Asker: 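Got a structure here, written out as structure tokens. Questions coming.
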Amino acid sequence: MGIALRNTETWKLLEKHYLEIKDIHLRSLFENDRSRGRNLVIKDIGVYFDYSKNRITGKTIDLLIRLARERGLESRRDEMFAGEKINVTEERAVLHTALRVPVGSVVMSDGRNVVPDVLTVLEKMSAFSEKIRNGEWKGHTGKPIKNIVNIGIGGSDLGPVMAYEALKNYSMRSLVFRFVSNVDSSDFYEAVEDLSPEETLFIISSKTFTTLETMTNAHTARKWSLSKLGDPSAVARHFVAVSTNEKEVIKFGIDPLNMFGFWDWVGGRYSMSSAIGLSTMIAVGPETYYRMLNGLHQMDEHFRTAPLDKNIPVIMGLLGIWYNNFFGTQTQAVFPYDKYLHRFPAYLQQLTMESNGKNVTLDGDKTDYQTGAIYWGEPGTNGQHSFYQLLHQGTKLIPADFIGFMKPLNNLPPHQDYLIANLIAQGEALAFGKTEEEVKAEGVSNALTPHKVFEGNRPSSTFLLDKLSPENLGKLIAMYEHSVFVQAVIWDINPFDQMGVELGKVLAKNIIPELQDTAMTLSHDGSTNELINYYRKNRLND
Ligand code: F6P
């Protein structure tokens with residue numbers, strides 16, 4: 001990239017503009033513009049995105065969009081969709097968007113249309129899912145499969161578990177789904193404790209098929225299965241693999257016929273619409289799964305074609321830059337007002353933080369500005385009775401995303417109105433607060449008044465959708481995926497590698513034999529040596 005971000009004229013203008021705006025209260029922004037709540041809204045593809053309660057003016061958006069243009073957002077976006085190798089550190093294309101294109105589309109990567117391969121895998125997944133769902137696929141002893149256990153971690157777990165939970169209302173309730181990710185033996189133990197191996201299918205989900213946690217759990221699962229089923233040929237009826245690494249899948253003992261492939265141009269945290277979604281498809285059926293893909297594609301198309309100032313992921317991404325780099329905020333909260341989305345914040349943590357937690361530019365220069373925010377959240381209204389206190393009256397500025405649905409999936413009046421009233425009220429309270437005069441007017445004593453004042457001026461965005469349909473889930477996922485990309489382009493970082501996870505993995509591999517063989521000499525730092533020694537002395541000796 002040419003000129004360094006902070007040296008660009010637009011960045012300097014934004015710094016100046018920040019000084020103009022930082023003390024302006026949302027109260028006055030709304031008082032001075034009666035149509036703000038209507039104007040600072042984008043309505044497209046069934047998403048109502050209200051960003052009016054952000055500390056911005058028209059000038060802020062103009063400048064941020066100018067910055068996006070200068071940083072080449074449109075051309076970078078087009079390069080991504082065109083299959084160019086924009087993951088420069090790994091020399092890979094980034095084509096998760098090709099996983100959800102309609103039949104007949106053409107998406108080229110390395111001179112080859114990848115869509116037929118995508119469709120072939122989807123067809124194989126559909127056929128397999130149907131066989132499990134209708135009981136045609138029998139276990140080794142002739143019993144149908146009742147339990148599906150997905151073993152994977154990171155993107156090979158968080159997408160599947162989030163989507164299963166989000167779409168539970170559409171799932172086949174006679175099937176049991178479990179998700180094992182942690183190398184902690186209790187994770188596996190609890191997942192299978194009440195299951196019978198005869199009726200249990202394991203999906204070993206791993207892009208690389210070498211991940212320590214997943215392979216350890218997969219071997220334990222095989223032992224657990226065979227301890228009851230005896231015959232190693234049972235693996236063929238009880239284990240399938242989702243991976244890009246056929247060699248390792250075969251080595252593990254899974255027939256490639258029972259393998260569902262994907263490609264190196266699908267990043268782990270962008271993989272939930274690849275074969276990594278197999279457990280989701282079994283749970284909800286191919287038709288419902290295709291509806292989710294359709295929603296993802298609708299948002300891809302919106303991102304690809306909508307003008308920047310009417311583009312939801314673009315505005316979201318730019319607001320993130322505005323708070324992170326000018327207001328100096330550290331975190332971004334996400335509050336889905338829907339129980340089914342309870343794993344969505346955890347899913348977003350990998351998506352956003354593994355993508356944009358970087359401190360060097362594409363050219364390898366150290367950034368002299370902040371990058372990825374810390375994402376966190378919980379479903380409303382639980383958070384309101386827990387940590388929202390800090391949002392309202394604490395000393396930190398935390399931009400928040402509120403996500404809600406007009407129609408409940410389970411209608412038990414008056415729950416829905418109470419839920420949405422709370423969502424709307426929180427954005428209102430954060431933005432406008434309660435002044436000293438208002439508190440005093442209620443007859444509150446002077447001593448208590450400061451405790452009851454809400455400063456307000458705390459920013460939030462609100463997303464309203466019709467209901468938590470498979471399409472709308474897809475839209476929400478792609479919306480965050482693309483907002484991450486927008487930010488990465490501005491920051492000139494690579495959101496598609498994850499080299500920061502490597503060091504810990506390597507060090508753990510070194511420490512494993514040192515824990516097991518107490519005769520090994522330790523040559524770590526003083527603290528690490530002592531921790532290993534303490535564990536050696538106090539571990540369970542079996
Ligand atoms: O360690 C991080 C990571 O590589 C993630 O990016 C990925 O989603 C996860 O591990 C799991 O990797 P795999 O699917 O190859 O097992």
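Order of listing sets the numbers, starting from 1, for every ligand and every atom in it. From a predicted model like this one, the values you see are computed outputs, not experimental measurements.
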Asker: How close do Met125 and Ser274 get, heavy atom to heavy atom, and via which atoms?
Answerer: CE-O, 4.0 Å
Asker: Taking Phe335 as the fixed residue, which of Phe387, Phe463, Tyr375 is the one that meets the ring-ring contact (aromatic ring centres under 6.0 Å, His included) rule?
Answerer: Phe387
Asker: For Phe202, is the NZ or CZ atom of Arg222 found under 6.0 angstrom from the centre of its six-membered ring and inside 45 degrees of the ring axis?
Answerer: no
Asker: Nearest heavy-atom pair of Ser109 and Ala93: which atoms, and what distance?
Answerer: OG-CB, 4.1 Å
Asker: Name the residues in contact with ligand 1, where contact means a heavy atom under 4.0 Å away: which are they?
Answerer: Ile153, Gly154, Gly155, Ser156, Ser206, Lys207, Thr208, Thr211, Gly268, Gln350, Glu354, Gln498, Val501, Lys505
Asker: Please work out whether the ring planes of Tyr164 and Phe179 are parallel, tilted or perpendicular, with thresholds of 30° and 60°.
Answerer: tilted
Asker: For residues Tyr270 and Phe485, establish whether the separation of their ring centroids is below 6.0 Å.
Answerer: no
